[in-house]
Amino acid sequence: MEGAGRKEGHKEAQLSFTLAPGANGILPDRMIAAMADSGLILPAYPFVESQIQPASLDLRLGDIAYRVRASFLPGPGATVAERIDELKLHEIDLSDGAVLETNCVYIVPLLESLALPPEIVAAANPKSSTGRLDVFTRVIADGTRRFDMIGAGYHGPLYAEISPKTFPVLLREGSRLSQVRFRTGDAVLDADELDALHAAERLVDIDDADLTGGVALSVDLSGENANGFVGYRAKRHTGVVDVDRRGGYAVDEFWEAIPARGDGSLILDPGEFYILASKEAVQVPPDYAAEMVPFDPLVGEFRVHYAGFFDPGFGYAGAGGKGSRAVLEVRSREVPFILEHGQIVGRLVYEKMLARPHALYGQRIGSNYQAQGLKLSKHFRV
């Protein structure tokens with residue numbers, strides 16, 4: 001039986017990567033596994049349980065971190081390793097765990113490398129738990145001009161750039177801070193397709209949904225959905241957070257709860273980090289995935305949502321959700337900025353899956369955030 005299973009996996013891999021002309025979609029879990037079977041994903045060690053998500057693959061840190069002087073992109077013709085040699089200040093052994101300090105920049109080679117075919121591209125994003133800890137992380141590939149984007153046909157290693165912004169973090173070889181999606185063709189739904197999907201599935205729980213450029217999400221500052229509170233502000237000068245420790249920390253040692261104001265506003269202080277929630281409850285049907293994008297890139301006063309991937313089944317009734325509010329990781333920039341209740345802060349862009357995943361978000365993969373409201377990362381005890 002075991003041998004038959006391997007044979008079937010290779011057969012599926014051959015089918016999966018002889019893509020029909022014009023194929024459009026994000027590759028689901030079983031195709032990601034088939035990519036690894038086919039040598040298109042090259043892990044240093046076998047995948048661990050739950051590493052393959054419904055529409056993405058978690059990326060694992062290697063055993064060494066390089067403290068570097070500054071963030072960088074290698075650019076065409078240059079490798080990340082070459083730039084590390086030019087910029088590194090010292091090396092940190094992660095094999096037994098190490099603390100990365102706030103506002104320092106580290107580069108960590110990942111355990112997964114890629115040998116992509118010409119029709120598949122990849123895009124990375126922080127995992128939800130990473131974003132909610134205010135750990136700024138991006139994936140870098142050799143020769144690239146952009147963070148988190150890996151071009152079609154890329155053959156080579158991957159690296160994580162990591163810069164904790166609020167809490168010092170303890171991590172180790174095998175820790176998973178980022179995830180990567182694989183897609184072929186143009187998977188994004190156009191306006192007519194999004195309208196049709198909303199009519200069929202009711203993607204958001206309001207009658208007058210704004211679907212221009214994606215499903216608009218606004219911030220909930222009413223306090224009605226969280227016992228009179230609207231969010232959390234991160235404390236400064238805290239202890240260390242172990243990124244692999246679930247439920248290990250008291251909320252009040254790291255966070256200050258923010259009560260709702262009568263006028264439904266919140267002043268964001270420069271340099272502070274906030275966890276808020278969307279006013280709308282959203283869902284992602286099983287044959288689709290979504291990604292949070294900024295409402296308007298020209299509104300530069302604040303940044304919302306480091307971790308933008310929403311998997312198939314997020315908030316979906318058939319996967320244990322009844323519409324889930326999007327948790328918003330918010331950081332103000334140089335000046336204080338007033339957020340108002342109901343202010344649009346981002347849009348969910350929906351994309352087609354190439355096929356339905358075997359496991360939806362919240363099913364069999366221990367998702368911490370299905371049917372969520374305002375919620376901190378899994379590291380904190382409720």
Side-chain angles (χ1 to χ4, degrees), residues 125-136 165-167 204-206 209-210 214-236 238 241 251-252 254-283 290-297 299-310 314-315 321 323-348 368-380 382:
N125 226 314
K127 289 174 59 65
S128 295
S129 297
T130 307
R132 295 184 200 189
L133 286 178
D134 199 21
V135 177
F136 188 66
K165 307 310 292 183
T166 296
F167 310 128
V204 61
D205 67 339
I206 57 174
D210 179 352
V215 175
L217 294 181
S218 64
V219 64
D220 182 4
L221 297 178
S222 69
E224 296 173 358
N225 294 302
N227 299 316
F229 292 92
V230 300
Y232 297 91
R233 180 188 294 110
K235 294 184 176 181
R236 294 286 187 176
T238 66
V241 177
V251 170
D252 60 4
F254 293 83
W255 300 95
E256 173 190 352
I258 305 171
R261 290 170 51 97
D263 63 359
S265 70
L266 173 65
I267 298 177
L268 303 177
D269 291 322
E272 298 297 317
F273 181 67
Y274 301 82
I275 297 290
L276 307 173
S278 69
K279 177 183 171 184
E280 300 80 11
V282 298
Q283 64 165 327
E291 183 173 359
M292 174 83 83
V293 298
F295 165 59
D296 184 351
V299 179
E301 286 81 4
F302 63 95
R303 176 195 174 107
V304 175
H305 223 273
Y306 289 73
F309 286 168
F310 290 72
F314 178 87
S324 294
R325 298 182 191 280
V327 170
L328 308 171
E329 300 117 27
V330 180
R331 173 174 284 282
S332 188
R333 297 195 190 273
E334 288 80 9
V335 296
F337 187 80
I338 298 178
L339 278 183
E340 307 281 356
H341 176 67
Q343 183 172 343
I344 295 176
V345 293
R347 293 188 182 275
L348 271 188
N368 191 54
Y369 308 119
Q370 184 66 299
Q372 70 183 355
L374 177 66
K375 193 168 187 179
L376 296 172
S377 72
K378 63 187 179 184
H379 308 91
F380 301 100
V382 177

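Sequence positions, counted from 1, serve as the residue numbers for this chain.
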Which heavy atom of [X] sits nearest to which heavy atom of [Y], and what is that distance?
| X | Y | result |
| --- | --- | --- |
| Gln283 | Gly315 | CB-O, 3.6 Å |
| Gly342 | Lys279 | CA-CD, 4.3 Å |
| Ala216 | Arg347 | CB-NH1, 3.3 Å |
| Ser128 | Glu329 | O-OE2, 4.2 Å |
| Met292 | Ala326 | CE-CB, 4.4 Å |
| Leu133 | Ser377 | CD2-OG, 3.8 Å |

### Message
What verdict does the side chain to side chain contact (heavy atoms under 4.5 Å, CB included) test give for Arg132 and Ile275, after you've listed the backbone C-alpha separation in whole Å, the side-chain angles of each residue and the deciding distance to 0.1 Å?
### Response
CA-CA 7 Å; Arg132 295 184 200 189; Ile275 297 290; 4.1 Å; yes
### Task
Start with the C-alpha gap between Phe229 and Ile258, add the side-chain angles, then the distance that decides, and say whether side chain to side chain contact (heavy atoms under 4.5 Å, CB included) holds.
CA-CA 6 Å; Phe229 292 92; Ile258 305 171; 5.7 Å; no
#### Entry: Residues which pass ring pair (Phe, Tyr, Trp, His ring centres under 6.0 Å) with Tyr274, listed by chain and number, not counting sequence neighbours
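With sequence neighbours excluded, Tyr274 shows a ring pair (Phe, Tyr, Trp, His ring centres under 6.0 Å) to no residue whatsoever.
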Donor-acceptor pairs under 3.5 Å, side chain of residues 259-269 to any protein atom, not counting sequence neighbours: which ones?
{"residue": "Arg261", "atom": "NE", "partner": "Asp263", "partner atom": "OD1", "Å": "3.2"}
{"residue": "Arg261", "atom": "NE", "partner": "Ser265", "partner atom": "OG", "Å": "3.3"}
{"residue": "Arg261", "atom": "NH2", "partner": "Asp263", "partner atom": "OD2", "Å": "3.4"}
{"residue": "Asp263", "atom": "OD1", "partner": "Ser265", "partner atom": "N", "Å": "3.2"}
{"residue": "Asp263", "atom": "OD1", "partner": "Ser265", "partner atom": "OG", "Å": "2.9"}
{"residue": "Asp263", "atom": "OD2", "partner": "Ser265", "partner atom": "OG", "Å": "3.2"}

Set of side chain to side chain donor-acceptor pair (under 3.5 Å) partners for [X], sequence neighbours left out:
| X | value |
| --- | --- |
| Asp205 | none |
| Glu280 | Ser218 |
| Thr166 | Asp134, Arg331 |
| Glu291 | Asn125 |

Residue pair [X] / [Y], side-chain heavy-atom distance below 4.5 Å:
| X | Y | result |
| --- | --- | --- |
| Arg325 | Val327 | no |
| Ser222 | His341 | yes |
| Phe273 | Val330 | no |
| Asp220 | Leu276 | no |
| Val251 | Tyr232 | yes |
| Trp255 | Lys235 | no |
| Leu221 | Glu340 | no |
| Ser332 | Glu272 | no |

### Pairing residues for Ala277 by the side-chain contact (heavy atoms from CB on, under 4.5 Å) criterion, not counting sequence neighbours
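Partners of Ala277 under the side-chain contact (heavy atoms from CB on, under 4.5 Å) test: Leu374.
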### Query
Under the salt bridge (charged side-chain N to carboxylate O under 4.0 Å, His left out) test, which residues partner Asp252, sequence neighbours left out?
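None.
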### Task
Not counting sequence neighbours, which residues clear salt bridge (charged side-chain N to carboxylate O under 4.0 Å, His left out) with Glu256? List them please.
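Glu256 satisfies salt bridge (charged side-chain N to carboxylate O under 4.0 Å, His left out) with Arg233 only.
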### Task
Output, in order, the C-alpha distance, side-chain angles, deciding distance and verdict of side chain to side chain contact (heavy atoms under 4.5 Å, CB included) for Ile344 and Leu217.
CA-CA 6 Å; Ile344 295 176; Leu217 294 181; over 6 Å; no
